[in-house]
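All values below were derived from every heavy atom in this structure, side-chain atoms included, with hydrogens, water molecules and symmetry-related copies excluded. Everything numeric in this text was worked out from a predicted model, so none of it was measured.
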Amino acid sequence: MSLKLRALTAIVTGLFMFPSFAATDPAELLQEFEMQKGYSEISQNIANALIESNDKIALIDVRSPEEFREGHIDGAVNIPVENIKGHQLLDGIPTSTPLLLYCRTGRRATTAGQMLVRSGYQYVMNFGGVTTWQFGLTAGD
């Protein structure tokens, strides 16, 4: 393998292994972001930008209360996926409110997101899990 090819491979690998190097200004990220109706999966950089810039978004952690207490994203509400039933609305959250969902890895957030869309929520976004969240967690309730 040539020296140029090895250098290029190292750069590309580094970008995927360390995504924070590719992070950019939140306002800049949102300029190109368009919220999709229904269920969608978004990057954690976009999710963080939405959290920082939009107070009309509901941030929902769908993990268990024990997991939530161990560490969650500041401002999140804990609604375990087991408590989300198909065709049921969340208390105090209108269906037009954009929902940002997460769990540990993104799997439970996918299940919850699909149920919430069936319940009538218009904008439901899953950004994965806290295992890859780079923007800090808060412990406790």
* Asked: Taking C-beta and beyond as the side chain, do Leu99 and Ile57 meet within less than 4.5 Å on heavy atoms?
  -> no
* Asked: For Phe127, what residues pass the ring pair (Phe, Tyr, Trp, His ring centres under 6.0 Å) criterion, not counting sequence neighbours?
  -> Tyr102, Trp133
* To do: Would you give the length of the straight line joining atom CG of Leu137 to atom CG of Asp61, rounded to the nearest 0.5 angstrom?
  => 9.5 Å
* Quick one: does Ser53's side chain have a donor or acceptor within less than 3.5 Å of a partner on Ala49's backbone? -> yes
* Considering only heavy atoms from C-beta outward, does the side chain of Val77 approach that of Ile93 to under 4.5 Å? -> no
* Asked: Within the distance-only criterion (no hydrogens, no angle test), does the side chain of Thr131 pair as donor or acceptor with the backbone N or O of Arg104 below 3.5 angstrom?
  -> yes
* Structure fact -> Of Leu101, Asp91, Leu90, the one forming a side chain to side chain contact (heavy atoms under 4.5 Å, CB included) with Ile79 is Leu90
* To do: Measure the shortest side-chain to side-chain distance between Met115 and Val81 over non-hydrogen atoms and say whether it is less than 4.5 angstrom.
  => yes
* Asked: Do Ser96 and Tyr121 have side-chain N/O donor and acceptor atoms under 3.5 Å apart?
  -> no
* To do: Please lay out, stage by stage, how Tyr39 and Thr110 fare under the test side chain to side chain donor-acceptor pair (under 3.5 Å).
  => CA-CA 9 Å; Tyr39 174 82; Thr110 298; 3.1 Å; yes
* For residues Leu100 and Ile42, determine if any side-chain heavy atom of one lies less than 4.5 Å from a side-chain heavy atom of the other. => yes
* **Leu50 side chain near Met125 side chain, heavy-atom distance below 4.5 Å** => yes
* Structure fact -> Rounding to 0.5 Å, atoms CG (Leu116) and CD1 (Ile60) come to a distance of 6.5 Å
* Given side chains that start at C-beta, do those of Val130 and Arg63 come closer than 4.5 Å, heavy atoms only? -> yes
* Nearest-0.5 Å distance, CZ of residue Arg118 to CD1 of residue Ile84 -> 11.5 Å
* Can you sort out the partners of Thr132 under side chain to side chain contact (heavy atoms under 4.5 Å, CB included), two or more places apart, ordered by chain and number? => Gln44
* Asked: Distance-only, no hydrogens or angles: does the Gln122 side chain make a donor-acceptor pair with backbone N or O of Gly120 under 3.5 Å?
  -> no
